[in-house]
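Notes follow the structure.
Since this is a predicted model, take the numbers as computed values, not measurements.
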Amino acid sequence: KYINLVKKDTKLLCGRKYILLNEQFYNLKKESSQESGEYILITLGGGEISFFIEKIIIYLNKLVHNFQVVLVAPQYKKLSKEVQNIIKDNDITLLTKTDDMPKLINNASLVICSLGMVVYEVMFLNKKIIPIKTASNQDNIAIYLSNHGVQVLQNDLILKTFEKYFLKVLQGSSLNYDKHMINPYQNSIFKALVL
């Protein structure tokens with residue numbers, strides 16, 4: 001992706017070893033027990049992803065008596081009245097923004113997320129994940145995950161596969177990805193090596 005964009009003598013630091021995570025993630029990983037969290041976290045980014053949120057919330061509404069849901073949705077007002085009412089009438093906590101994503105991820109039993117940085121944060125904390133490709137700029141991450149056996153849900157598949165995949169992941173005793181897929185240097189160590 002970058003090789004033709006830089007000078008020949010440029011050293012590229014790419015891949016799982018060079019992902020920069022917020023220091024909070026390292027602290028949480030040290031403190032964290034491996035017990036399941038208390039809720040399902042849904043965080044699909046801030047783009048035009050109302051379609052995905054709506055389908056997921058309508059499905060989870062069937063199960064809401066069994067699950068707490070935390071939804072991070074900056075575009076809440078773009079959701080249909082039906083889904084806004086489901087959110088208001090059930091055990092769904094809505095956050096239009098948050099500065100506490102590390103703790104939200106760490107305390108979740110399952111994270112449903114788009115294919116941005118949050119995927120790596122979830123995997124680093126060894127949490128169950130349902131990754132959803134919501135935009136074309138997520139193709140590389142989708143390919144990486146798929147090549148490592150992680151099913152990525154996409155536009156045309158989400159309606160057909162979400163329910164089956166959701167139950168499989170939630171009920172599974174193990175994580176649905178190889179824990180070695182992300183192994184970053186801690187930021188402070190990384191900075192010392194590079195600078």
Do any N or O atoms from the side chain of [X] and from the backbone of [Y] form a donor-acceptor pair under 3.5 angstrom?
X      : Y      : answer
Asn22  : Gln24  : yes
Lys133 : Ser114 : no
Asn107 : Lys103 : yes
Gln151 : Ser146 : no
Asn85  : Lys81  : yes
Ser109 : Tyr39  : yes

Which pair of heavy atoms, one from [X] and one from [Y], lies closest together, and at what distance?
X      : Y      : result
Leu20  : Met117 : O-CE, 3.2 Å
Val111 : Thr43  : CG1-CG2, 4.3 Å
Ile141 : Leu115 : CD1-O, 2.9 Å
Glu121 : Met101 : OE1-CG, 4.5 Å
Leu44  : Cys113 : CD2-C, 3.5 Å

Worksheet item: Should the heavy atoms of other residues, nucleotides or ligands under 6.0 Å from CG of Leu5 be counted, would the total exceed 12?
Response: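 More than 12 heavy atoms, drawn from other residues, nucleotides or ligands, come within 6.0 Å of this atom.
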
Worksheet entry | Hphob cluster co-occupancy, Tyr59 + Ile57, side-chain heavy atoms under 4.5 angstrom | yes

Discussion item. Below 30° counts as parallel, above 60° as perpendicular, anything between as tilted: where do the rings of Tyr120 and Tyr144 land?
Written reply: tilted

Practice prompt. Start with the C-alpha distance between Ile132 and Val152, add both sets of side-chain angles, then the distance that settles side-chain contact (heavy atoms from CB on, under 4.5 Å), and finish with yes or no.
Written response: CA-CA 6 Å; Ile132 299 176; Val152 176; over 6 Å; no

Practice prompt. Classify the side-chain pair Gln138/Thr134 by whether it contains a donor and acceptor separated by less than 3.5 Å.
Written response: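 Yes, a side-chain donor-acceptor pair sits under 3.5 Å.
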
Discussion item. Measuring from atom CD1 of Ile3 to atom OG1 of Thr10, what distance do you get when rounded to the nearest 0.5 angstrom?
Written reply: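 If I round to the nearest 0.5 Å, the distance is 8.5 Å.
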
Worksheet item: Is Val69 close to Ile42 at the side-chain level, that is, under 4.5 Å between some pair of heavy atoms?
Response: yes

